[in-house]
Amino acid sequence: MVEEAIMICIDNSEWMRNGDYPDDRFDAQCWAFISICGAKHLSNPENTVGALTMAGKGVRVLVTPTSDFGEQLSCIRGLNIGGEMNLAAGLQVAQMALKHRQNKTQQQRIILFAGSPVKQDKRVLEMIGRKLKKHSVALDVVDFGQEDAKKAEKLEALVAAVNNNDNSHIIHIPPGARKLSDVLMSSPIFTADVKSRDRYAAVTAGAGPGYDFGVDPNLDPELALALRVSMEEERARQAAAAKKAAQEAAKQEKGEMQSTSQDVTMTENVSARRSETENKAADLLDNDLALLQQALAMSRDDSSSDIATRGTDMSEADFEDQELLLALQLSVQNNSKDETDVTKLLADQSFVSSILASLPGVDPNDPSIEGLLASMQSQSESQNDENKEQQEDKK
């Protein structure tokens with residue numbers, strides 16, 4: 001069996017949106033791509049197949065030649081359609097990909113899908129064809145889409161320039177109800193081995209609508225398993241992508257909620273600190289008022305207790321303010337030397353009040369002082385009475 005390394009050039013230009021084939025041109029091309037990969041895998045498991053796109057922003061290599069059938073199928077998922085096909089650039093990139101294949105014993109082949117107009121000149125395509133032939137690269141062309149004589153002429157000239165011992169082929173598939181894969185199944189583009197083409201036809205012949213990709217697992221379980229694994233991998237990839245998008249959206253929403261909660265928390269902290277400061281100030285004010293009221297009450301209690309004590313005995317020994325009494329006596333001694341004048345002076349309440357007012361920290365209106373002055377006045381009067389009685393007795 002021939003061992004090949006194959007690059008498939010996919011046309012994903014704007015022309016692929018046309019619906020002149022079942023579904024549209026692009027879907028028909030994708031099903032043909034899957035069929036070719038399966039046929040090459042059946043023909044020789046050592047065959048490797050890669051793929052690239054020729055339209056859009058530029059030529060894009062989807063997968064380098066590989067024998068992994070699942071990777072081959074998954075590479076065409078989610079392809080974008082747009083732009084114009086650059087056939088010349090696609091062929092050159094495909095030739096470079098085949099040149100760097102791992103197994104150098106594999107024969108090189110390019111399968112080209114051309115479903116849109118060819119912009120390149122015929123001579124340019126012939127030059128590219130001769131270059132491919134020089135590097136021992138075979139070329140198969142699938143011409144589909146609108147019927148264009150100039151396009152067909154250019155592609156035939158390209159294949160003629162590449163062809164070496166009938167190793168290159170071209171097939172024209174006009175629009176209609178037939179699928180590209182059905183037409184290609186009986187062509188040498190699928191595989192040059194007639195037995196391999198018949199085997200693939202037998203695998204897909206009895207496939208009903210219930211079989212994935214039109215393959216009966218009873219006839220070829222290996223191909224059916226590979227198709228199923230590829231489908232599961234694609235579903236897992238799509239689920240992972242959707243999950244990642246949901247997580248990113250949740251993280252963004254969570255970040256907005258955290259920023260909002262932080263603002264609310266900062267506002268609450270400021271309010272709490274303000275209220276705490278106000279409460280502390282109020283507590284301090286209440287404590288000061290309480291201490292002031294307590295001091296006033298204690299002062300009143302002390303004053304009332306002093307008045308009650310001194311009401312029973314208003315002698316000099318019971319008077320607690322000894323410094324006040326000493327100052328009063330010194331002041332009286334300076335104004336009069338004998339005992340009689342002292343008694344007279346003490347009897348003069350206005351004089352005593354003026355002396356008390358001149359003393360620092362003394363309130364003449366204090367009830368205790370008033371009681372003391374009243375007691376001293378009564379003692380002075382009683383002493384005067386005794387002096388009068390003594391004088392009368394002497395007479």
Side-chain angles (χ1 to χ4, degrees), residues 4-18 21 23-38 40-41 47-102 106 108-120 124-125 128-129 131-132 135 137-145 151 154-155 158 162 180-181 184 189 230-231 233-234 236-238 240-241 244-245:
E4 292 182 322
I6 305 161
M7 283 295 295
I8 301 178
C9 299
I10 300 174
D11 185 359
N12 61 326
S13 64
E14 286 288 343
W15 294 82
M16 297 301 101
R17 300 184 189 276
N18 292 351
Y21 291 88
D23 295 331
D24 55 39
R25 291 185 184 180
F26 188 74
D27 286 344
Q29 184 179 194
C30 289
W31 282 109
F33 171 83
I34 294 173
S35 300
I36 291 174
C37 291
K40 295 298 181 180
H41 179 75
N47 286 342
T48 59
V49 180
L52 59 82
T53 57
M54 298 182 291
K57 295 182 179 180
V59 177
R60 176 189 170 194
V61 177
L62 302 178
V63 60
T64 56
T66 177
S67 59
D68 188 348
F69 190 59
E71 187 176 359
Q72 296 167 3
L73 299 182
S74 62
C75 73
I76 61 173
R77 299 292 181 180
L79 290 179
N80 296 323
I81 299 176
E84 295 183 354
M85 178 184 66
N86 190 343
L87 188 146
L91 290 176
Q92 293 176 4
V93 173
Q95 189 268 324
M96 292 298 295
L98 293 174
K99 182 179 180 181
H100 293 87
R101 66 193 184 281
Q102 294 181 352
Q106 292 176 326
Q108 305 173 78
R109 180 175 296 275
I110 297 175
I111 299 177
L112 172 67
F113 284 91
S116 58
V118 177
K119 301 294 183 180
Q120 285 75 21
V124 174
L125 296 179
I128 295 174
K131 181 180 179 181
L132 295 177
H135 290 87
V137 179
L139 176 64
D140 293 330
V141 177
V142 180
D143 177 21
F144 68 105
K151 173 187 174 183
K154 291 179 181 179
L155 294 177
L158 172 64
V162 178
L180 298 181
S181 57
L184 294 175
I189 293 179
S230 175
M231 184 182 298
E233 289 178 352
E234 178 62 19
R237 186 190 66 79
Q238 293 178 356
K244 183 178 180 180

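Everything numeric here is computed off the predicted structure, so don't read it as measured data.
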| message | Nearest 0.5 Å, please: how far is CD in Glu71 from OG1 in Thr66? | response | 4.5 Å
| query | Taking atom CG of Leu98 and atom NE2 of His100, what is their separation to the nearest 0.5 Å? | reply | 11.0 Å
| field | Atom CZ of Arg60: over 12 foreign heavy atoms under 6.0 Å | value | no
| Min side-chain heavy-atom separation Phe144-Gln29 under 4.5 Å | yes
| said: So, taking the atom named NZ in Lys40 and the one named CG in Asn47, what distance separates them when rounded to the nearest 0.5 Å? | reply: 7.0 Å
| request: Heavy atoms only: give me the nearest Val59-Gly90 pair and the separation to one decimal. | output: CG2-N, 3.8 Å
| Closest heavy-atom contact between Gln72 and Cys37? | OE1-CB, 3.6 Å
| Just wondering, do Phe113 and Ile36 contact through their side chains at under 4.5 Å, heavy atoms? | yes
| request: Kindly indicate whether the side chain of Leu79, heavy atoms from C-beta on, has any atom under 4.5 Å from the side chain of Asn12. | output: no
| said: When you compare the side chain of Ile34 with that of Ile76, does any pair of heavy atoms fall below 4.5 Å? | reply: yes
| query | Would you say Asp11 and Met54 make side-chain contact, with heavy atoms under 4.5 Å? | reply | yes
| Rounded to the nearest 0.5 Å, how far apart are CD1 of Ile111 and CE of Met7? | 11.0 Å
| note | Closest non-hydrogen contact found for Pro65 with Thr48 is CB-OG1, 3.5 Å
| query | Taking all non-hydrogen atoms of both residues, which atom of Tyr21 and which atom of Gly145 are closest, and how far apart? | reply | OH-N, 2.9 Å
| said: Nearest 0.5 angstrom please: Leu112 CG to Ile8 CD1, how far? | reply: 11.0 Å
| said: To check you understand the geometry: which heavy-atom pair defines the closest contact between Cys75 and Leu62, and what is its length? | reply: O-CD1, 3.7 Å
| message | side chain to side chain contact (heavy atoms under 4.5 Å, CB included) for Val49 and Glu4? Distances and angles first, verdict last. | response | CA-CA 8 Å; Val49 180; Glu4 292 182 322; over 6 Å; no
| Side-chain contact, heavy-atom cut-off 4.5 Å: Lys119 with Asn86? | no
| said: Are the side chains of Leu155 and Leu87 in contact, using a 4.5 Å heavy-atom criterion? | reply: yes
| note | The reported gap from CD1 in Ile189 to OG in Ser35 (rounded to nearest 0.5 angstrom) is 12.5 Å
| remark: Exactly one candidate in Val162, Leu91, Ile110 meets side chain to side chain contact (heavy atoms under 4.5 Å, CB included) with Val137; the answer is Ile110
| request: Could you tell me whether a side-chain N or O of Lys151 sits under 3.5 Å from a main-chain N or O of Ala114, the two making a donor and an acceptor? | output: yes
| Of all heavy-atom pairs between Ala55 and Gly83, which one has the smallest distance, and what is that distance? | CB-C, 4.4 Å
| task | Please indicate whether Gln95 has more than 12 foreign heavy atoms, meaning atoms of other residues, nucleotides or ligands, lying under 6.0 Å from its CD. | result | yes
| query | Quick one: are Arg101 and Thr64 in side-chain contact, heavy atoms under 4.5 Å? | reply | no
